[in-house]
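Computed over heavy atoms, backbone and side chain alike; hydrogens, waters and symmetry mates excluded. The chains referred to below are lettered A, B, ... by the order of the sequence lines, with proteins before strands, and numbering in each begins at 1.
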There are 2 protein chains.
Amino acid sequence: MMETKTDPRVLRTRKLITDAFIKLSQSKSFSDISVKDITEEATINRATFYRHFLDKYDLLEKVVEEKLHLNLGCDKQKDSLSIEETIQTVFLSLTRFKTSVSNISGQEEKETIDAIIKLELVNIFSRKLIDMDAAINADLIVKLAKWLTATVRSMSQDWVESDTAEEPEEYIASLLPFVMCGIEAL
Amino acid sequence: MMETKTDPRVLRTRKLITDAFIKLSQSKSFSDISVKDITEEATINRATFYRHFLDKYDLLEKVVEEKLHLNLGCDKQKDSLSIEETIQTVFLSLTRFKTSVSNISGQEEKETIDAIIKLELVNIFSRKLIDMDAAINADLIVKLAKWLTATVRSMSQDWVESDTAEEPEEYIASLLPFVMCGIEAL
DNA sequence: GTATAAGTGTTGCTTAAGTAACACTTATTA
DNA sequence: TAATAAGTGTTACTTAAGCAACACTTATAC
């Protein structure tokens, strides 16, 4: 792993852009945000924006990816979690993340975000399942990871829509045993 | 007045440096702060520091100047203040400023700060006196400005040292009439 | 229709910031 | 006393960001 650390100017500029974008997202919908808006808010040149991102859709993807990575267990300390704890953590992180981007309105953007979420979750669960038992067939790993992803996504969606007084922690606790039955059958 | 606006990179870098310096000043004394400390905190290159400032003493001067300018009546809206209101405002601003930099410890630095304060205050009072009556002799203007500066500085110092329960607003209100007597004799 | 306005990507060129090296000064300490 | 270490200014060079112009797309309005 050759970690050539990136130029501090690049990091700074990226942060300025993404912070500006997130800030603007609080007050107006994605379709109403222009690249010019973002660069003015970020006090960087418009040409510089295009050195970092293809367009605002590309920026959205990158921001969502980054925020998901930050929220979900992509750090070392989470490597030690059991599959059960991982499912729980991912559910809670995803639910938190979804409420944080709930202001994004357009259909197209929602699809973009969902696609990234699926990708991230499948990655996380695949890694965790391999950690659990490296001997399992690779095809089965992917199938199970997709199933867990669908499970967690639908539960998270249900919790948000049901607008319940129940805390997300309680919600997942009440369903987790059923999910675990299937996994423990491995 | 040809206002060639400065490169946003310059503004950003300056802010990073001064913010880092102010932050470090909260936790350690001036003599314990190195240029390297500042640039690391600011996440800018050490060479870049020297493009903006001669050394940390120069930085101190610039920061103090800027903060004073920000606090004291150097904006347009304060142009309309009477001499009495100006004295009051300057006293309050200076007292606020002095408490904000009270953590700076060394003798040398205190002298630097005091020198800048004197310069700024004399400037402010001179301008205000000229506004009042452009006909007054220039020498007299400077003498009076220096006197008002000494007056306000000593009062501010006295308020800080006395560690009184009295609010700065009350303090200056109780003394302002005596000062105004002299000015009104003009 | 077409004029006007505002945003989009892209370009060549300028300038500020990053980098790594340098000689130099101060301390600390072995 | 010499050796190690850490900070200071300074340098030549590289790279990223700023700038201003460009052709192009949309959309609103006259």
Produce a footprint string for nucleotides 24-29 of chain C: one letter per nucleotide, 5' end first; B if the base is under 4.0 Å from any protein heavy atom, S if only the sugar-phosphate is, - if neither. ------

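- When the C1' atom of C/dT19 is taken as reference, atom CZ of B/F49 falls 18 Å away, rounded to whole Å.
- The CG-P distance, from B/L59 to D/dG9, rounds to 12 Å in whole Å.
- Residues in residues 42-65 of chain A take part in these salt bridge (Lys or Arg N to Asp or Glu O under 4.0 Å) pairs, two or more places apart or across chains: A/D58-A/K62.
- In this structure, a donor-acceptor pair under 3.5 Å is present between the side chains of B/E161 and B/Q157.
- Of the inter-residue distances, the one linking A/Q88 atom CD with A/L92 atom CG reads 5.5 Å to the nearest 0.5 angstrom.
- Linking Ile, Leu, Val, Met, Phe, Trp and Tyr residues whenever their side-chain heavy atoms come within less than 4.5 Å leaves A/L54 and A/I33 in two separate clusters.
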Please list, one pair per line, the donor and acceptor atoms closer than 3.5 Å that link side chains of residues 165-180 of chain A to other protein atoms, with sequence neighbours excluded.
from, atom 1, to, atom 2, distance (Å)
A/E170, OE2, A/E167, N, 3.2
A/Y171, OH, A/D158, OD2, 2.5
A/S174, OG, A/Y171, O, 2.7

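- In terms of modelled atom types and a separation under 3.5 Å, the side chain of B/S156 and the main chain of B/R153 share no donor-acceptor contact.
- With B/E85 contributing its side chain and B/S82 its backbone, the two residues share a donor-acceptor pair below 3.5 Å.
- Here the P atom of nucleotide D/dT11 and the CG atom of B/N45 are 15 Å apart, to the nearest Å.
- Of the possible donor and acceptor atoms, one in the side chain of A/S25 sits under 3.5 Å from a partner among the backbone N and O of A/F21.
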Return a table of donor-acceptor pairs under 3.5 angstrom between the side chains of residues 138-150 of chain B and protein atoms on other chains or two or more places apart.
from, atom 1, to, atom 2, distance (Å)
B/T149, OG1, B/V122, N, 3.3
B/T149, OG1, B/A145, O, 2.8

Apply side-chain hydrogen bond (donor to acceptor under 3.5 Å, both in side chains) to A/D37 and A/S34, showing your working. CA-CA 5 Å; A/D37 289 336; A/S34 69; 3.1 Å; yes

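- Where pairing requires Watson-Crick or G-U contacts shorter than 3.5 Å, the helical stems of DNA chain C with at least three consecutive pairs are C:1-30 with D:1-30.
- Note on A/R14: nothing from the nucleic acid sits closer than 4.0 angstrom, heavy atoms only.
- Atom C1' of nucleotide D/dA16 and atom CD1 of A/I17 are separated by 12 Å, given to the nearest angstrom.
- Using a 4.0 Å cut-off, some side-chain N or O of A/R12 falls inside it from OP1 or OP2 of C/dG18.
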For every nucleotide of nucleotides 8-16 of chain C, 5' to 3': is a protein heavy atom under 4.0 Å from its base (B), only from its sugar-phosphate (S), or from neither (-)? BBBB---BB

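- With respect to the salt-bridge test (charged N to carboxylate O, under 4.0 angstrom), the residues B/D7 and B/R12 do not qualify.
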